[in-house]
Visitor: 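Right, I'll just put the structure down here and ask away after.
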2 protein chains.
Amino acid sequence: MSDLLERLRGRGWRMTAQRRVVAEVLNGEHVHLTADEVHARAVAKLPEISRATVYNTLGELVSLGEVLEVTTDKRAKRYDPNAHRPHHHLVCARCGAIRDVHPLGNPLADLPDTERFGFTVSDVEVTYRGLCPDCAGA
Amino acid sequence: MSDLLERLRGRGWRMTAQRRVVAEVLNGEHVHLTADEVHARAVAKLPEISRATVYNTLGELVSLGEVLEVTTDKRAKRYDPNAHRPHHHLVCARCGAIRDVHPLGNPLADLPDTERFGFTVSDVEVTYRGLCPDCAGA
DNA sequence: GCTTGACTTAGACAAAGTCCATTGTAGGAT
DNA sequence: ATCCTACAATGGACTTTGTCTAAGTCAAGC
Ligand SMILES: [Mn+2]
Ligand SMILES: [Mn+2]
Ligand SMILES: [Zn+2]
Ligand SMILES: [Zn+2]
């Protein structure tokens, strides 16, 4: 998305080949790649890009609110370019496939005051788990 | 809980000092310790217990359904002895405090068929985030 | 085209977790 | 009570994921 790149340049981001490539890799719907996966795809386009730069760039994109960190997987964080429409995730317990989903209702409203222990609750993260059609299809 | 130990012995678990100590450490409400924290507390009661044994025992307790793995923290998995009453978690974004919570309603019902992509959805995991009273009180 | 501070790099380091060969022991058998 | 043996514990090597740093490179403004 050159949209994204424009926006970042406007925010004073110095444009480099490495950052362009990372932004290109993080493009599309239902994209939830680990840092290593991003690195592997970036290397295919720009062989000399380093792991550290991928980590740095992902971290910056997260700070800037352009990419979300998702932790559906207990092993590695995943990076989600769909940061502008709030959503939750549906994960296949067998193969790990991840889809963006948009449930009805607001789970925040379902948490009664008596269950808040005085916390100021500001956010909720929901992960649905099950089997994808491929993995369920006997 | 000797309840737990009894149940496990009934299932053919060989009872050892190490397993007893790990089970003792995992006792109480709102307990969500990392493996290393479990190890530290276990060492206080049984100095020679090894890290590997703590990991093995926690893994077995999870397989047996007696302990839940919780991943509210992106760093280390946490182990939750409250496995018999389904619940969700409320996490302080600042200090990491974790409380068990029991929301109303069933978030599974809030996911329309059109948002299921053919998945067989069987479970949902909800994490509320905010600030605990201590961290919110400036 | 210079200059310069921001960016990139390779590799060391760290934290969380797994694996394995060896040693120890719980609990049934005698 | 003692023996046996399959199961469990141990320490350390190894892997994975991520962070940090010192030195080299380059985008962009002048
Ligand atoms: Mn997503
Ligand atoms: Mn819990
Ligand atoms: Zn699947
Ligand atoms: Zn707090």
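Quick note on labels: first sequence line is chain A, next is B, and so on, each numbered from 1.
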Visitor: Figure out the CZ/P separation between A/R19 and D/dA27, and round it to whole Å.
Guide: 12 Å
Visitor: Could you tell me from which nucleotide to which nucleotide of DNA chain C, 5' to 3', there is an atom under 4.0 Å from chain B heavy atoms?
Guide: C/dA15 to C/dG27
Visitor: Looking only at the side chain of A/Y55 (C-beta and beyond, no hydrogens), which of the listed nucleotides D/dG11, D/dG18, D/dA9 gets closest?
Guide: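 Given the options D/dG11, D/dG18, D/dA9, the side chain of A/Y55 is closest to D/dG18.
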Visitor: D/dG12 P sits how many Å from B/R51 CZ, rounded?
Guide: 12 Å
Visitor: Mind checking whether B/H102 and B/H87 have parallel, tilted or perpendicular rings, split at 30° and 60°?
Guide: tilted
Visitor: Rounded to whole Å, how long is the line connecting atom CG of B/L46 with atom P of D/dA8?
Guide: 17 Å
Visitor: Which part of the nucleic acid does B/A76 contact within heavy-atom distance under 4.0 Å: base, sugar-phosphate only, or nothing?
Guide: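 Sugar-phosphate: the residue B/A76, judged by heavy atoms under 4.0 Å, touches backbone atoms but no base.
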Visitor: Using five pairs at either end of the helix from C/dG1-D/dC30 to C/dT30-D/dA1, determine the angle between the two local helix axes and round it to 10 degrees.
Guide: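 If I round to tens, the end axes sit 20° apart.
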Visitor: Under 4.0 Å, counting only non-hydrogen atoms across every strand here, what does B/T16 touch: a base, just sugar-phosphate, or nothing?
Guide: sugar-phosphate
Visitor: Taking atom C1' of D/dT16 as reference, at what distance in whole Å does atom CG of A/D73 sit?
Guide: 12 Å
Visitor: Let me check something: do A/V70 and A/V31 share a hydrophobic cluster, defined by ILVMFWY side-chain heavy atoms less than 4.5 Å apart, either directly or through other members?
Guide: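 Different clusters: A/V70 never reaches A/V31 through Ile, Leu, Val, Met, Phe, Trp or Tyr contacts under 4.5 Å.
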Visitor: Is there a donor-acceptor pair closer than 3.5 Å between any side-chain N or O of B/E115 and the backbone N or O of B/P112?
Guide: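 Between the backbone of B/P112 and the side chain of B/E115 there is no qualifying donor-acceptor contact (under 3.5 Å).
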Visitor: In whole Å, what is the span from the CZ atom of B/R75 to the C1' atom of D/dT16?
Guide: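 So the CZ-C1' distance, B/R75 to D/dT16, works out to 16 Å.
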Visitor: How long is the line joining CD1 of A/I49 and P of D/dT25, in whole Å?
Guide: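 My rounded result for the distance is 17 Å.
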Visitor: If you compare all heavy atoms of B/P81 against all heavy atoms of B/N27, which two are closest, and at what distance to 0.1 Å?
Guide: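 Taking every non-hydrogen atom into account, CG-N, 4.4 Å.
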Visitor: Between A/V91 and A/V101, is there a shared hydrophobic cluster once you connect ILVMFWY residues whose side-chain heavy atoms come closer than 4.5 Å?
Guide: no
Visitor: State whether a side-chain donor-acceptor pair under 3.5 Å links B/N82 with B/H30.
Guide: no
Visitor: Return the value, rounded to whole Å, for the distance between atom NE2 of A/H39 and atom P of D/dG18.
Guide: 13 Å
Visitor: Rounded to whole Å, how long is the line connecting atom CE of B/M15 with atom P of D/dA6?
Guide: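 Result: 21 Å.
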